[in-house]
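What's counted below: heavy atoms across the whole structure, side chains too, no hydrogens, waters or symmetry copies. We're numbering straight along the sequence, starting at 1. Computed from a predicted structure; not experimentally measured.
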Amino acid sequence: MAAPEKRVEKRVEQLDRVVIRFAGDSGDGMQLTGDRFTSETAQLGNDISTLPNFPAEIRAPAGTLPGVSSFQVHFADYDILTPGDAPDVLVAMNPAALKANVADLPAGADIIVNTDEFTRRNLTKVGYAVSPLEDGSLDGFAVHPVALTSLTVGALAESGVSKKDGERAKNMFALGLLSWMYSRPYESTLRFLERKFAKRPDLVAANKEAFRAGWNYGETTEAFSVRYEIKPAKMPAGTYRNITGNQALALGLVAAAVRSKLPLFLGAYPITPASDILHELSKHKRFGVTTMQAEDEIAAIGAALGASYGGALGVTTTSGPGVALKGETISLAIALELPLVIVDVQRAGPSTGMPTKTEQADLNMALFGRHGEAPLAVLAPKSPSDCFHAALEAARIALTYRTPVILLSDNYVANGSEPWLLPSVDELPDLRVSFAASPNTPDGRFLPYLRDPETMARPWAVPGTPGLEHRIGGLEKADKTGDISYDPANHEFMVRTRQARIDAIPVPELDVEDPSEGARVLVLGWGSTYGPIGAACRALRQRGLTIAQAHLRHLSPLPANLGEVLAGYDKVVIPEMNLGQLAAVIRSRYLVDAVSFNQVSGLPFTAATLESMLEDVVKNG
């Protein structure tokens with residue numbers, strides 16, 4: 001479809017970066033609006049990072065602060081690491097959205113407000129005695145009052161849709177306006193609307209018309225005299241797609257199944273924020289993927305472990321509360337020494353906590369949260385696109401070393417998005433495994449715990465293979481034979497062997513980023529703190545300060561050179577979205593007096609917060 005004709009020539013300014021936050025009631029479609037803006041931006045080749053933020057309730061009371069949903073997108077013509085600390089532009093669909101977000105805005109930021117919603121009733125709901133549009137409290141910002149609702153309803157007056165459906169399309173009007181302001185393409189959004197409302201042709205037409213009306217409003221109104229352009233980022237050549245962490249993790253599991261030539265079985269119980277992995281994997285049956293939505297968390301992991309016993313790549317996905325319930329079966333998988341991938345998309349706890357907010361507080365549970373001495377491998381992705389490679393690595397370790405692996409994602413990386421460079425299939429690791437096919441002793445017996453001298457892994461014998469009958473279960477196994485054993489010496493031997501098997505897993509050495517090669521302060525992170533730490537270190541270096549950064553992907557076992565790296569610095573700082581769980585491990589294992597910097601607000605660190613803290617450490621020790 002041809003672009004709307006330009007009616008007024010307007011000035012165009014070049015920018016290198018912009019942070020936009022769409023905010024409104026949880027029924028205003030802010031996640032959809034932000035996602036569509038992000039998709040259009042990705043097509044232009046900008047680097048992108050996003051931060052969705054929404055209530056846990058399905059529908060909080062309309063117009064209230066608990067019901068505010070927002071979506072922040074940071075896009076630039078250079079490599080970026082975070083969704084941005086503060087929005088340059090806030091689109092506020094009602095007073096609650098304004099009040100919940102205005103404190104985050106820097107002076108001079110643009111605020112586009114839907115004036116139709118600034119009624120006395122809505123103002124009172126959020127504690128405004130006087131409208132902030134009239135009391136001078138927004139004088140430090142560039143406020144653009146736009147009657148989004150009535151303009152949308154007016155544009156759709158002859159469309160035949162109800163007034164209610166017309167009002168619902170106001171997010172498309174806002175999307176059209178912002179797409180015009182920042183010179184975004186829009187053809188794929190129109191195609192998306194055709195798919196989304198395919199069963200309702202009237203809604204297809206209405207939403208497309210609302211989008212065009214928003215675009216045309218930007219073209220014709222005198223309220224917006226400037227539009228902006230952000231050039232594509234210089235990125236390595238290749239094919240990219242915009243991807244969320246949960247999508248990338250699901251595709252990484254599919255790739256692992258294909259590269260191992262094993263069927264993939266997912267046993268899962270829906271839980272925020274992990275459910276999207278189940279949804280994504282259910283689309284890929286053609287790659288030998290079977291998904292089962294179980295009746296509870298325990299059944300889900302039981303089915304996944306049963307699939308591994310039967311010769312599949314068994315996976316279960318959950319969040320913190322579900323990992324707690326799965327603990328006994330994880331211990332069973334450790335005793336059986338079978339491959340199993342447990343994905344924990346962390347959220348704020350304890351208990352059900354804040355289901356849609358982020359935290360890194362499950363590290364202790366991943367490392368130690370089982371009865372008995374029950375070691376396993378633990379690793380964590382650092383960004384949305386890295387979830388693909390982390391899933392492959394988790395599967396590689398599980399299959400090669402016959403162990404459960406906990407993959408610690410979190411809400412920040414799971415729902416955030418960024419460009420992902422599609423890898424060449426030929427470059428992906430070969431994960432093929434050899435099942436036991438015949439007895440493994442000279443006298444024709446099969447010993448299910450006779451270990452590979454290189455990996456210490458036991459044979460993987462698929463049930464029903466002639467001559468390979470063996471006992472399974474949770475009772476202690478006798479060395480080599482797998483028979484039930486209560487012998488004290490055997491128990492000690494098996495406990496130490498299981499630990500040694502995990503300790504011996506080779507993981508890449510820890511890389512240190514220190515351009516000056518003379519930094520005395522090292523910032524050590526893990527998981528989703530990678531972006532904020534990187535942005536803070538980058539800012540400090542640009543100001544002439546020296547600082548080193550290292551990031552852990554493998555948390556069990558830890559890299560072999562970690563102790564040597566830590567010993568090379570006067571100060572080690574560990575920022576975490578918990579109360580110091582990695583710091584406690586580092587202190588106890590390496591006797592390093594690490595500086596722990598913690599935040600448990602349900603939100604990721606801002607780069608500015610870390611920059612300020614790290615500057616003080618670098619300057620004052």
Side-chain angles (χ1 to χ4, degrees), residues 54-58 244-254 256-257 263-285 288-310 312-334 336 338-359 361-362 365-366 369-371 374 376 378 380-381 387 390-391 394-395 398 404-411 413-415 474:
F54 43 87
E57 290 76 18
I58 294 175
T244 67
N246 276 344
Q247 290 172 332
L249 200 153
L251 294 181
L253 292 172
V254 174
L264 173 66
F265 178 88
L266 173 71
Y269 181 75
I271 184 171
T272 302
S275 299
D276 284 342
I277 302 172
L278 168 62
H279 302 158
E280 182 65 30
L281 284 175
S282 68
K283 302 174 185 177
H284 299 290
K285 295 179 176 64
V289 176
T290 300
T291 55
M292 184 186 83
Q293 180 175 318
E295 65 269 29
D296 56 41
E297 296 281 4
I298 299 172
I301 190 172
L305 181 58
S308 289
Y309 177 58
L313 174 55
V315 179
T316 189
T317 54
T318 189
S319 191
V323 178
L325 291 167
K326 295 176 189 292
E328 183 179 4
T329 307
I330 295 173
S331 291
L332 175 60
I334 292 168
L336 295 179
L338 285 171
L340 181 67
V341 176
I342 303 106
V343 178
D344 176 4
V345 186
Q346 299 165 95
R347 68 190 206 185
S351 189
T352 44
M354 298 192 294
T356 61
K357 309 304 178 184
T358 197
E359 208 163 83
D362 292 354
M365 182 164 61
R370 290 163 298 282
H371 56 288
L376 46 64
V378 181
C387 287
V405 178
I406 293 182
L407 181 55
L408 281 176
S409 180
D410 66 47
N411 187 66
V413 295
N415 288 313

If the condition is side-chain hydrogen bond (donor to acceptor under 3.5 Å, both in side chains), which residues does [X] pass it with, not counting sequence neighbours?
X	value
N415	N411
D410	T358, S528
T244	Q247

Minimum heavy-atom distance [X]-[Y], with the two atoms named:
X	Y	answer
A380	L408	CB-O, 3.3 Å
P273	P355	CD-O, 4.1 Å
L340	A333	CD2-CB, 4.0 Å
S409	V413	OG-CG2, 3.1 Å
V341	L253	CG1-CD2, 4.5 Å
R370	S331	CB-OG, 3.5 Å

Next item on the list: Kindly write out the residues that satisfy salt bridge (Lys or Arg N to Asp or Glu O under 4.0 Å) with K326, not counting sequence neighbours, or none if the list is empty.
Entry: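 Scan of K326 (salt bridge (Lys or Arg N to Asp or Glu O under 4.0 Å), adjacent residues dropped) gives E297.
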How long is the span from the [atom1] atom in [X] to the [atom2] atom in [Y], to the nearest 0.5 Å?
X	Y	atom1	atom2	answer
L376	I406	CG	CD1	4.5 Å
T318	I271	OG1	CD1	4.0 Å
L266	T290	CG	OG1	10.0 Å
I298	E328	CD1	CD	7.5 Å
L281	M292	CG	CE	14.0 Å
K283	L278	NZ	CG	11.0 Å

With the side chain counted from C-beta on, respond yes when [X] and [Y] share a heavy-atom pair under 4.5 Å apart, and no when they do not.
X	Y	answer
I277	V315	no
L251	H284	yes
S319	T272	no
L305	L336	yes
V345	T317	no
I342	P404	yes

Margin query: Is it the case that atom OH in Y269 sees more than 12 heavy atoms from other parts of the structure closer than 6.0 Å?
Written below: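 Open: at most 12 neighbouring heavy atoms sit under 6.0 Å from OH of Y269.
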Margin query: Would the distance check show the side chain of D362 and the main-chain N or O of M365 forming a donor-acceptor pair, the cut-off being under 3.5 Å?
Written below: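 Not confirmed, D362 side chain does not pair with M365 backbone.
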Notebook entry, point to check: Are the side chain of S308 and the backbone N or O of P339 linked by a donor-acceptor pair below 3.5 Å?
Noted result: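 Looks like yes, one N/O pair under 3.5 Å.
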Check: After noting the C-alpha distance and the side-chain angles of L325 and D296, does the key distance pass the side chain to side chain contact (heavy atoms under 4.5 Å, CB included) rule?
Finding: CA-CA 9 Å; L325 291 167; D296 56 41; over 6 Å; no
Next item on the list: With sequence neighbours left out, write down each residue that passes side chain to side chain contact (heavy atoms under 4.5 Å, CB included) with P270, or none if nothing qualifies.
Entry: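 Expected list: S275, Q293.
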Margin query: Show me the pairs that pass side-chain hydrogen bond (donor to acceptor under 3.5 Å, both in side chains) and involve residues 341-354, at least two apart or across chains.
Written below: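 Qualifying pairs, neighbours excluded: none.
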